[in-house]
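Comments concern the structure below.
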Amino acid sequence: MNKAMTEQELLDSFDDAIKFGHIFVTYQPKINHSTGRMIGAEALMRWTHPEFGMQYPSDFIPVLEKNDLIYRADLAVFEAVCSFLRRCLNVRITPVPVSVNMSRYDIYRKNYVEEIEKLRKKYDIPVKYLHVEVTETSAIGGMELVSSVLKQLHEYGYIVEMDDFGSGYSSLNILKDLAVDVIKLDMRFLSGDIGGRGGTIINAVVQMAKWLGTPVIAEGVETVEQADYMKSIGCKYIQGYLYSKPVTEDIFLQKIQKLEHEPMIPALDLISAMDAGKFWDPSSMETLIFNNFVGGAVIFTYHDGNAEILRVNKKYVREIGMNMIEQEIIDTDPFIGMDEHNKRIYRDTLERAINSNDEESCETWRTVCSKTCGEDRICICSYVRVIGKTDNQYLFYSMIHNVTAEKTRFTELYESERRFRFASEHANVYAWEVDVVTRVMHPCFRCVRDLNVPPVVHNYPEPLIENGVFPPDYADMYRDWMNRLEKGEMDTIEGIIPLTVGRIPFHVRYTLERDENGNPLKAYGSATLVVDGEDENEENKK
Ligand code: C2E
Ligand code: CA
Ligand code: CA
């Protein structure tokens with residue numbers, strides 16, 4: 001029969017609880033949701049009173065904290081964990097790292113870290129098997145104190161986990177200022193709609209942690225949906241009822257023997273030149289540079305052909321995003337809008353950059369869909385470079401430039417050039433097309449370059465008669481050709497005309513294009529230089 005105890009009853013029974021093991025430890029596994037393997041466990045304190053039964057941490061821990069007794073309970077837990085690990089090691093069972101909670105009141109005690117270090121030495125436990133969980137609210141007592149305790153723990157080699165991240169005490173500042181090794185993100189603080197605000201906060205924290213190279217453990221995960229969601233945003237480490245409730249030492253030992261283990265790996269190892277902390281500081285020089293001086297830029301991770309955006313700057317949004325907001329882009333990937341062919345081009349470029357360890361570039365076409373403008377095709381030139389890596393994951397920095405306008409102009413030119421070539425049936429010719437109705441003429445680029453023809457000619461052929469491309473003595477003949485084409489009297493017309501002031505003989509030929517009703521539409525003209533002997537028998541067919 002369990003019955004809640006009064007504060008006085010708790011205090012009166014405390015000494016006995018420590019002495020006789022009424023206060024003891026349960027263990028809750030931490031699991032890699034991608035592999036199902038165990039990466040560690042958390043030690044959680046329990047108190048079973050011989051008379052009143054099970055007492056809950058939420059009831060007795062505040063009482064112990066208030067009465068300055070929590071450090072004794074915490075040291076008892078630490079010793080019990082060391083003792084358990086010692087027994088594992090003695091029988092050659094490889095344990096997993098066990099995290100022990102440190103109350104914020106422990107932080108205020110001068111010698112607390114020395115005390116746990118003494119216990120670790122007494123049981124001769126390699127420090128890699130012991131992590132310390134420090135709650136986010138510890139910082140309420142002042143950052144300097146927490147910082148110095150973290151420093152001390154790090155000097156002894158302990159991994160420090162930031163507990164209850166997201167519970168609200170200016171979380172993002174803490175991440176920036178405190179050197180924690182692991183972040184524990186409690187799903188219960190962010191409960192509610194995962195796709196909504198809660199999801200946005202979780203996502204932002206996970207992305208930020210990734211950038212800092214800090215692994216994240218999602219705590220309080222009760223459903224597969226929650227676990228899958230966390231995995232989908234890049235947080236695969238899970239602790240919660242979904243995998244296991246806190247279990248007794250015996251059951252935990254069975255789990256250690258039954259379940260495969262694997263180490264927890266940091267998300268990414270940044271190249272030393274980059275100060276990741278500063279990068280998130282909105283007032284830092286790094287951020288200033290990223291946002292203002294580098295043009296469109298994006299930072300993303302790349303692993304096995306898959307990429308995930310961590311950060312974009314405002315210019316990136318402008319170059320690529322139409323009117324997508326930054327967050328929407330963060331939720332997508334760098335392959336956004338690319339078809340398979342363009343994806344391949346992009347992936348190949350990333351692989352080249354990995355191999356060359358240098359900047360590589362490519363151009364890819366993407367279809368962007370914006371809420372107001374609908375679909376659009378854009379061409380993005382990307383310069384990519386690796387800036388960090390772990391065993392199999394790369395961190396990329398990419399500058400981008402929207403080259404759609406240049407590309408489209410080039411493509412249009414290329415297209416008309418191709419059509420001219422086709423119509424002319426000759427290899428090395430000048431070519432142009434004339435709308436026989438509107439008398440608008442488009443020359444090929446060689447006409448523009450060599451013959452000084454403007455890119456668009458209106459009221460064709462008059463301007464070219466005026467500027468002497470067509471000599472005056474052939475002007476009327478030529479006007480007559482245009483009239484006959486306009487009326488659709490002929491499908492081809494050709495003849496030798498001496499062109500330009502040099503009166504160089506060209507074989508000029510027209511092919512008429514008609515619409516589906518047979519009405520004249522366009523005339524494709526070509527002019528081929530007459531070389532010796534050629535065309536002699538064709539002299540003036542007019
Ligand atoms: P905590 O450090 O955040 O520990 C996680 C709490 O969440 C544990 O509650 C655990 O049983 C519970 N939990 C784990 N998975 C789930 C889940 O999927 N759903 C739900 N609803 N809960 C889950 P517990 O054991 O009752 O401990 C409560 C708090 O008491 C701890 O929160 C910690 O702040 C404190 N505490 C526990 N053991 C110790 C200790 O040895 N020393 C100190 N100083 N504090 C401790
Ligand atoms: Ca904890
Ligand atoms: Ca927690």
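Counting starts at 1 for both ligands and their atoms, in listed order.
The only option from Thr26, Ile23, Val100, Asn101 that meets the side chain to side chain contact (heavy atoms under 4.5 Å, CB included) definition with Met45 turns out to be Ile23.
Residue Gln239 places every heavy atom at 4.0 Å or more from ligand 1. Not close to ligand 1: Lys245, with no non-hydrogen atom less than 4.0 angstrom away. Ligand 1 lies within reach of Gly220, whose nearest heavy atom is under 4.0 Å from it. Not a single heavy atom of Lys184 sits less than 4.0 Å from an atom of ligand 1.
Ion pairing of Lys122 with Glu79 is present here, as a side-chain N (NZ or NE/NH1/NH2) and a carboxylate O approach within less than 4.0 Å. The residues Glu7 and Lys66 are annotated as salt-bridged, a charged nitrogen and a carboxylate oxygen being separated by less than 4.0 angstrom. A salt bridge links Glu133 to Lys184: one of the charged nitrogens lies within less than 4.0 Å of a carboxylate oxygen. For Glu65 and Arg104, the salt-bridge test fails: no basic side-chain N is under 4.0 Å from an acidic carboxylate O. Arg87 has a carboxylate O that lies under 4.0 Å from a charged side-chain N of Glu249, or vice versa, which qualifies the two as a salt bridge.
Protein heavy atom nearest atom 46 (C) of ligand 1, with residue, atom name and distance: Ile61 CD1, 3.2 Å. Closest to atom 5 (C) of ligand 1 among all protein heavy atoms lies Glu219 OE2, 3.5 Å. Atom 15 (N) of ligand 1 has Gln28 NE2, 3.0 Å as its closest protein atom, hydrogens excluded (heavy atom only). Counting only heavy atoms of the protein, atom 29 (C) of ligand 1 lies nearest to Pro57 CB, 4.3 Å. For atom 21 (N) of ligand 1, the nearest non-hydrogen atom of the protein is Glu222 OE2, 3.0 Å. Protein heavy atom nearest atom 6 (C) of ligand 1, with residue, atom name and distance: Arg188 NH2, 3.9 Å. Nearest protein heavy-atom contact of atom 18 (O) of ligand 1 is Tyr241 N, 2.7 Å. Annotation: atom 11 (O) of ligand 1 to nearest protein heavy atom, Pro246 CG, 3.4 Å.
Within a 6.0 Å radius of OH in Tyr383, other residues, nucleotides and ligands contribute 12 heavy atoms or fewer.
Scanning Val25, Asp106, Leu75, Asp163 for the heavy atom closest to atom 1 (P) of ligand 1 points to Asp163. Closest heavy-atom approach to atom 4 (O) of ligand 1 among the candidates Leu44, Ile23, Val221: Leu44.
Listed by atom number, the atoms of ligand 1 under 4.0 Å from Asp164 heavy atoms are 3 (O). In the vicinity of Glu42, heavy-atom distances shorter than 4.0 Å reach the ligand 1 atoms 2 (O), 4 (O). Of all the atoms in ligand 1, the ones that sit under 4.0 Å from a non-hydrogen atom of Met45 are 37 (C), 38 (N), 39 (C), 40 (C), 41 (O), 42 (N). Those atoms of ligand 1 that come under 4.0 Å of a heavy atom in Ser103, given as number and element, are 44 (N).
Residues Phe252 and Phe84 bring their aromatic ring centres within 6.0 Å.
When distances from atom 9 (O) of ligand 1 to the protein are checked, no heavy atom turns up under 4.0 Å. Counting only heavy atoms, the protein gets under 4.0 Å from atom 23 (C) of ligand 1. Atom 34 (O) of ligand 1 is not flagged as protein-proximal [any protein heavy atom, distance under 4.0 Å].
Metal site remark for the Ca ion (ligand 2): Asp164 contributes no N, O or S atom at a distance under 3.0 Å. Taking backbone and side chain together, Thr135 holds no N, O or S atom under 3.0 Å from the Ca ion (ligand 2). For a distance bound of 3.0 Å, the N, O or S atoms of Asp186 include none lying that close to the Ca ion (ligand 3). The Ca ion (ligand 3) does not have Glu133 among its coordinating residues (no N/O/S atom, backbone or side chain, under 3.0 Å).
The closest approach of Glu219 to the Ca ion (ligand 3), by N/O/S atoms, is made by OE1. For Glu42, the N/O/S atom at the shortest distance from the Ca ion (ligand 2) is named OE2. When you scan the N, O or S atoms of Asp163 for the one nearest the Ca ion (ligand 2), you land on OD2.
Closest approach of Tyr27 to Ala80, counting heavy atoms only: OH-O, 4.2 Å.
In this structure, Gln28 contributes its side chain and Ser244 its backbone to a donor-acceptor pair below 3.5 Å. Side-chain atoms of Asp228 never come within 3.5 Å of backbone atoms of Glu225 as a donor-acceptor pair (strictly under, hydrogens ignored). Judged by distance alone, with hydrogens and angles left aside, the side-chain atoms of Ser138 form no donor-acceptor pair with the main-chain N or O of Val134 at under 3.5 Å.
By the 6.0 Å and 45° rule, Arg46 does not stack over the aromatic ring of Phe60. Cation-pi contact between Arg109 and Tyr71: present, with separation from the ring centre below 6.0 Å and deviation from the ring axis of at most 45°. Both tests do not hold together for Arg347 against Tyr302: distance to the six-membered ring centre under 6.0 Å, angle to the ring axis within 45°.
Using bins of under 30°, 30° to 60° and over 60° for the plane-to-plane angle, the ring pair Tyr108/Tyr105 lands in the perpendicular bin. Between Tyr156 and Tyr158, the two ring planes are perpendicular [angle over 60°; tilted spans 30° to 60°].
Counting heavy atoms closer than 4.0 Å to ligand 1, residue Asp74 contributes side-chain atoms (C-beta onward) but none from N, CA, C or O.
Checked by distance only, ligand 1 and Asn101 come closer than 3.5 Å through their nitrogen or oxygen atoms.
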